[in-house]
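When a residue number appears, it is its place in the shown sequence, counting from 1. The analysis underlying the following values was restricted to heavy atoms, covering all of them including side chains, and did not include hydrogens, waters or symmetry mates.
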Amino acid sequence: MRSVGTVLALVVLATVVATFARRWRIPAPSLLVVAGLAVALLPGTPAIRVSPEVIGLVVLPPLLYASAEELSWRELRAVWKPVGVLAVGLVLASAAAVGAVASLVTPLSWQMALVLGAILASTDPVAVTALGRRLALPPRVQMLVQAESLFNDATSLVLYRVAVGVAVASAAADWGAAGGEFLLLAGGGTLIGALVAAVVVVIRRRTEDPVLETVISLVTPYTAYVLAEAAHTSGVTSVVVAGVVLGGRGDRLTDARIRLQLHAVYGTVVFLLESVVFSLIGLALPAQVRALSDGDRAWPLYALAVAGTLIAVRLLWLAPLSAVVQRKGGIQRPNWRVPVVLTWAGTRGVVPLAAALSIPATAKDGSALAERPLVLVLTTSVVVVTLVVQGFSLASVVRRSGIALEPDHTEREEAAARCRLAAAGIRRLEELSELEAVPDVVLDRLRRGLNARLDDARDRLTDNTVESADLVYRQLRRDLIAVEAAELRRLYDEHTISDTTRRRLQRSLDLEEARLADA
């Protein structure tokens, strides 16, 4: 019961903090980590021990799946070459640099320093997606950051397994076998993810029940992850591939009503899991520090050295890569702002923590791995540093770089698209009117609505500050919906209608109000 109470208290704390983060418009992961640290330092707070199985099996799959669903095939194809360079080359370079620095400035042996480098080499998809959700980055930059964090798992996992094998079994690193394992992890994970997505497509095309659709969507990432792990391939890659494939076909598999429900359910799940997992990172650090030996008390300096190494290597790798990409795109004077933003967006998070927690406690000969607590503390503290320092300042860096999209750009693009949509609808109405198959009163009603939307979109494109008829209509219709909802409650309270009728009519009003908000 105590553990259940702790989990419930954690959920409440995380939800409250995340809610205030949204209201204050600051990165929720960063504030959650700070809140977790603050609570853990309070007297009487029980020590929080995080299980790698809980993070890997319960938390990661839905968060990875939600991030992968946001990827666009079109945008992904445009950046696949630099993503491949980052997902393999930068991970290897970061692991080597961190391993070298850690072996020089910390008490870690070179074997455990290599383990630390492999753990922290790759950026974290959960943290990157959560931090970048509110940033107005250009599509290619946003896609590059997000895709890199999602597809670098296979490289970092192979490095981690090789490093742990060297540290635990005192065996020599077999890089030839590591190359084959990389192909198995990446290729096997891709194949299983694609197969899971294909099966889900077949099932969802034959399903029209919203509840069943919701269950299928929630189970899909867990299925992809468990099957891939059982086959000794990359569960993360499998979930990512399944999410990318299904995310690009979501509008063809379901209708509007089911999409609204799925969006609401997944939004709630992602909000809760992100809130809990980022607060756990802060809560776990003090207990990990207390487990250190007296010779490891300089761990804050070690953590800063490792975090600085990660940032420096990332910038040195991204600067020439960005220059090459920009020159191929016809830009003669490369923009330094892009690599700076890409560097500062490379945060660490949940995945490195899960990897560090899964380090065996004993070596092959049965002796304890005395350096494991320090690796765990350095991993968690580097994660905290990147989430707090880079997380709180990322929006400012993006703003100062000048590459962020202006709100007017997005609004004008949307208004232009609305013009095209309304024009297409009007053309179809003219075709129907020529066939004389639809009553004129219906055609006039539809035509008035489309013309109002067209006028509103044109007003936005011309920066017209006068309220359009469509805007006035939406405002008045919201007022009328509020009146209708009050009348619906009165009818129910007076026992004029049943609860079933009340729920159906209320849902109809809610759907219309949601459409007005999105219009």
Side-chain angles (χ1 to χ4, degrees), residues 52 55-56 60 64 82-106 108 110-128 144-167 173 175 178-179 181-182 185-186 189 234-237 240 302-318 321 342-359 371 374-387 390:
I55 294 181
L60 271 182
L64 291 171
V83 165
V85 172
L86 295 177
V88 178
L90 181 55
V91 170
L92 294 174
S94 299
V98 169
V101 170
S103 64
L104 291 174
V105 303
T106 73
L108 294 174
W110 70 267
Q111 294 94 335
M112 292 303 289
L114 181 60
V115 172
L116 179 65
I119 289 172
L120 293 172
S122 60
T123 55
D124 183 73
V126 178
V128 167
L144 185 61
V145 173
Q146 200 166 343
E148 175 209 352
S149 66
L150 286 167
F151 287 102
N152 58 16
D153 170 72
T155 308
S156 61
L157 188 55
V158 169
L159 278 179
Y160 170 75
R161 291 183 179 181
V162 171
V164 169
V166 171
W175 295 110
E181 189 174 5
F182 172 80
L185 287 168
S234 172
V236 172
T237 302
V240 169
Y302 305 155
L304 291 176
V306 171
T309 301
L310 288 171
I311 294 173
V313 171
R314 186 170 177 83
L315 181 59
L316 292 174
W317 190 275
L318 282 168
L321 177 63
L342 291 174
T343 298
W344 212 243
T347 54
R348 272 64 182 174
V350 183
V351 176
L353 179 61
L357 289 169
S358 63
I359 297 175
E371 296 172 320
L374 181 57
V375 171
L376 192 56
V377 167
L378 291 180
T379 300
T380 307
S381 53
V382 168
V383 169
V384 170
V385 168
T386 59
L387 286 175
Q390 293 173 235

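Applying the side-chain hydrogen bond (donor to acceptor under 3.5 Å, both in side chains) rule to Gln111 yields the partners Ser109; only residues at least two apart in sequence or on another chain are considered. Applying the side-chain contact (heavy atoms from CB on, under 4.5 Å) criterion to Ser149, with sequence neighbours excluded, gives Thr123, Pro125, Val128. By the side-chain contact (heavy atoms from CB on, under 4.5 Å) test, Ile55 pairs with Val50, Leu60, Val350, Leu353, Ala354, Leu357, sequence neighbours left out. With sequence neighbours excluded, the residues satisfying side-chain hydrogen bond (donor to acceptor under 3.5 Å, both in side chains) with Thr380 are Gln288. Contacts of Val240 classified as side-chain contact (heavy atoms from CB on, under 4.5 Å), with partners at least two apart in sequence or in another chain: Ala68, Leu150, Phe151, Val236, Val244. Partners of Thr379 by side-chain hydrogen bond (donor to acceptor under 3.5 Å, both in side chains), not counting sequence neighbours: none found.
Scanning both residues, Met112 and Val375, for their nearest heavy atoms gives CE-CG2, 3.7 Å. Taking all atoms of both residues into account, the shortest heavy-atom contact from Ala356 to Leu376 is CB-CD1, 3.7 Å.
At distances below 3.5 Å, not a single donor-acceptor pair connects side-chain atoms of Arg348 with backbone N or O atoms of Val385.
A distance of 9.5 Å separates OG1 of Thr237 from CG of Leu64, quoted to the nearest 0.5 Å. If you take CG on Leu315 and CH2 on Trp344, they are separated by 10.0 Å, rounding to the nearest 0.5 Å. Atom-to-atom distance recorded for Tyr160:OH and Ile359:CD1 is 5.0 Å, nearest 0.5 angstrom. Atoms CG and CG, from Leu378 and Leu108 in turn, are 6.0 Å apart once rounded to the nearest 0.5 Å. Taken from CG in Leu321 to CG in Leu144, the straight-line distance is 7.5 Å, to the nearest 0.5 Å.
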Table please: side-chain donor-acceptor pairs of residues 82-103 below 3.5 Å, with sequence neighbours left out.
{"residue": "Ser94", "atom": "OG", "partner": "Leu90", "partner atom": "O", "Å": "2.8"}
{"residue": "Ser103", "atom": "OG", "partner": "Gly99", "partner atom": "O", "Å": "3.2"}
{"residue": "Ser103", "atom": "OG", "partner": "Ala100", "partner atom": "O", "Å": "2.8"}

Would you list the atom pairs, donor with acceptor, under 3.5 Å between side chains in residues 114-122 and any protein atom, with sequence neighbours excluded?
{"residue": "Ser122", "atom": "OG", "partner": "Ser156", "partner atom": "OG", "Å": "3.4"}

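The salt bridge (charged side-chain N to carboxylate O under 4.0 Å, His left out) pairs that include a residue from residues 83-104 number zero, where partners must be two or more places apart or lie in different chains.
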